[in-house]
Protein chains: 2
Amino acid sequence: MRRQDVNHPTPLYEVKAEFFKALGHPSRIRVLELLSSGQKSVSELLPLVGINPPHLSQQLAILKRAGLVQTQREGTSIFYSLAFPELIDVLAVARRVLIDVLAERAGLLVDLQASAPLPYPGEL
Amino acid sequence: MRRQDVNHPTPLYEVKAEFFKALGHPSRIRVLELLSSGQKSVSELLPLVGINPPHLSQQLAILKRAGLVQTQREGTSIFYSLAFPELIDVLAVARRVLIDVLAERAGLLVDLQASAPLPYPGEL
DNA sequence: GCGTTTTTATGCAACTTCGCAATAATGCAT
DNA sequence: ATGCATTATTGCGAAGTTGCATAAAAACGC
């Protein structure tokens, strides 16, 4: 619990920021996408995410603390799953925006190339 | 440009994480929500966001670098606006998930209260 | 020039990431 | 039940990143 939270009823945009912060890491995005197609145990996730066990465990803990995933023990394995199916929608909508952003970036790139100082005619 | 980017085509989930990271701050969320209802100049945003000018400028720069907002000069003012209207959808969908998350949390809270050691019968 | 609006620079505290070592929790064999 | 292997988590510390304040500078209109 952060110092700030001790006495104040966390304002809404703080909570929203927390939510997005939880999504703001490659491994965590990867995990959520993997869980989009059904629950997975930690040992299943390990090779798919490609980080070492303690690190994965930590990232999973962050997602869990944020309330985005839930766990279920099954023998010696622990299965993680999305806490809410709507999370899939968040990822989908974000994907759509990202397409725009990347298209825009690509556009800027060709502009840059077009306005380049006439590719060094005599270079090399 | 990070070292890692020099030789590798940044994997997609890196880019996605960058996107969500850009949303992962209260002031930035606030700005995006304010811009959802139309462009605003920095000086308009200042009192609404409630942070000091350099800090706001920095947060705006982060949003701009992420490609989420665009600017337009008008005399001495600079107007910021959403780069893509779909951003509003992202915020909306996230809001829906958040409602679930918070409801769940509230549920856990009453469970905790229900299972409390019989609220200190004689306390104060 | 001067005032207004916005950005950049710099520095420090706070937080995050991630590896390694250690620990816990379970199931299975003896 | 004790030990052992498997599965997952926790603790800790180094390195890197982010947040935010103060001071300085840039860009514009007059």
Side-chain angles (χ1 to χ4, degrees), chain A residues 1-6 10-11 13-14 16-31 34-35 39-66 68-81, chain B residues 1-6 10-11 13-14 16-31 34-35 39-66 68-81:
Chain A
M1 196 184 230
R2 287 158 310 155
R3 183 157 172 50
Q4 191 198 6
D5 294 343
V6 174
T10 320
Y13 37 90
E14 286 272 2
K16 290 180 191 165
E18 286 304 316
F19 170 75
F20 287 118
K21 231 182 279 182
L23 299 179
H25 188 285
S27 304
R28 296 197 293 265
I29 290 286
R30 193 114 180 70
V31 165
L34 290 165
L35 296 186
Q39 62 165 22
K40 305 242 177 320
S41 71
V42 176
S43 47
E44 284 176 307
L45 288 173
L46 265 173
L48 298 171
V49 178
I51 59 183
N52 59 31
H55 193 190
L56 178 56
S57 199
Q58 271 175 164
Q59 301 305 330
L60 290 171
I62 290 171
L63 289 174
K64 194 171 181 191
R65 244 179 285 131
L68 307 188
V69 301
Q70 58 191 182
T71 58
Q72 184 193 349
R73 209 168 187 125
E74 211 141 298
T76 112
S77 298
I78 296 186
F79 282 82
Y80 279 78
S81 54
Chain B
M1 194 182 227
R2 286 158 307 155
R3 182 155 172 54
Q4 190 199 1
D5 294 343
V6 174
T10 319
Y13 36 90
E14 287 272 2
K16 290 180 192 167
E18 286 303 317
F19 170 76
F20 287 117
K21 232 184 275 182
L23 299 180
H25 188 284
S27 305
R28 297 198 293 266
I29 290 287
R30 193 113 179 71
V31 165
L34 289 165
L35 296 186
Q39 62 166 20
K40 304 241 177 321
S41 71
V42 177
S43 48
E44 284 177 308
L45 288 173
L46 265 173
L48 297 171
V49 178
I51 59 183
N52 60 30
H55 193 190
L56 178 56
S57 195
Q58 230 179 217
Q59 301 306 326
L60 290 171
I62 291 171
L63 289 174
K64 193 171 181 191
R65 243 179 287 130
L68 307 188
V69 301
Q70 58 191 182
T71 59
Q72 184 192 349
R73 217 177 176 118
E74 212 141 297
T76 110
S77 298
I78 296 186
F79 281 83
Y80 279 78
S81 54

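Model, not experiment: these values are computed from the prediction.
- Taking a 4.0 Å limit (strictly below) on heavy-atom distances, residues 24-31 of chain B does not reach DNA chain C anywhere.
- Atom P of nucleotide C/dT16 and atom CD1 of A/Ile62 are separated by 8 Å, given to the nearest angstrom.
- Atom CG of A/Leu46 is separated from atom CD1 of A/Ile51 by 7.5 Å, given to the nearest 0.5 angstrom.
- Taking CD of B/Glu18 as the reference point, atom NE2 of A/His25 lies at 10.5 Å (rounded to 0.5 Å).
- Separating the CD atom of A/Glu74 from the C1' atom of C/dG27 is a distance of 14 Å, rounded to the nearest angstrom.
- Rounded to a whole Å, the NZ atom of B/Lys40 is 14 Å from the P atom of C/dT6.
- Looking only at side-chain heavy atoms (C-beta outward), B/Leu68 and B/Phe19 come within less than 4.5 Å of each other.
- Between A/Leu63 atom CG and D/dA8 atom P the separation is 16 Å, expressed in whole Å.
- Two end axes, each from the C1' atoms of five base pairs, can be drawn for the helix from C/dG1-D/dC30 to C/dT30-D/dA1; they diverge by 20°, to 10 degrees.
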All N/O donor-acceptor pairs, side-chain side in residues 57-65 of chain A, below 3.5 Å, sequence neighbours left out:
residue	atom	partner	partner atom	Å
A/Gln59	OE1	A/Arg28	NH1	2.7
A/Gln59	NE2	A/His55	NE2	3.0
A/Lys64	NZ	A/Thr71	OG1	2.9

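- Across every non-hydrogen atom of B/Ser41 and B/Glu44, the tightest pair is N-OE1, 2.7 Å.
- Residue B/Leu35 comes nearest to B/Tyr80 through the heavy atom pair CD2-O, 3.4 Å, listed as atom of the first residue, atom of the second, then distance.
- Of the residues in residues 48-58 of chain A, A/Asn52, A/Pro54, A/His55, A/Gln58 come within less than 4.0 Å of DNA chain C through at least one heavy atom, sorted by number.
- A/Lys40 meets the salt bridge (Lys or Arg N to Asp or Glu O under 4.0 Å) test with no other residue; sequence neighbours excluded.
- Among C/dC18, C/dT6, D/dA8, the nucleotide with an atom closest to any side-chain atom of A/Gln59 is C/dC18.
- Of all non-hydrogen atoms in A/Arg73 and A/Gly75, the two that sit nearest each other are NE-O, 3.4 Å.
- The minimum heavy-atom distance linking A/Pro26 with B/Ala17 is given by the pair N-CB, 3.4 Å.
- Close to D/dT7, at under 4.0 Å from its OP1 or OP2, lies no side-chain N or O of A/Tyr80.
- The separation between B/Leu60 atom CG and D/dC20 atom P is 14 Å, rounded to whole Å.
- Rounded to an integer number of Å, the gap from B/Leu45 CG to C/dT7 C1' is 15 Å.
- A sub-4.0 Å separation between OP1 or OP2 of C/dT4 and a side-chain N or O of B/Ser43 is absent.
- Note on B/Phe79: nothing from the nucleic acid sits closer than 4.0 angstrom, heavy atoms only.
- In this structure, B/Leu46 atom CG and C/dT4 atom C1' are separated by 13 Å, rounded to whole Å.
- Going from atom CG of B/Leu45 over to atom CZ of B/Arg30 covers 10.0 Å, rounded to the nearest 0.5 Å.
- Counting heavy atoms from C-beta on, the side chains of B/Ser27 and B/Leu56 never come closer than 4.5 Å.
- Residues A/Ser81 and A/Gln39 come closest through the heavy atom pair CB-CB, 3.7 Å.
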List every contact pair, protein side and nucleotides 25-30 of chain D side both N or O, where the distance is under 3.5 Å.
none

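- With hydrogens and angles ignored, the 3.5 Å screen pairs no side-chain donor or acceptor of B/Glu14 with any backbone N or O of B/Pro11.
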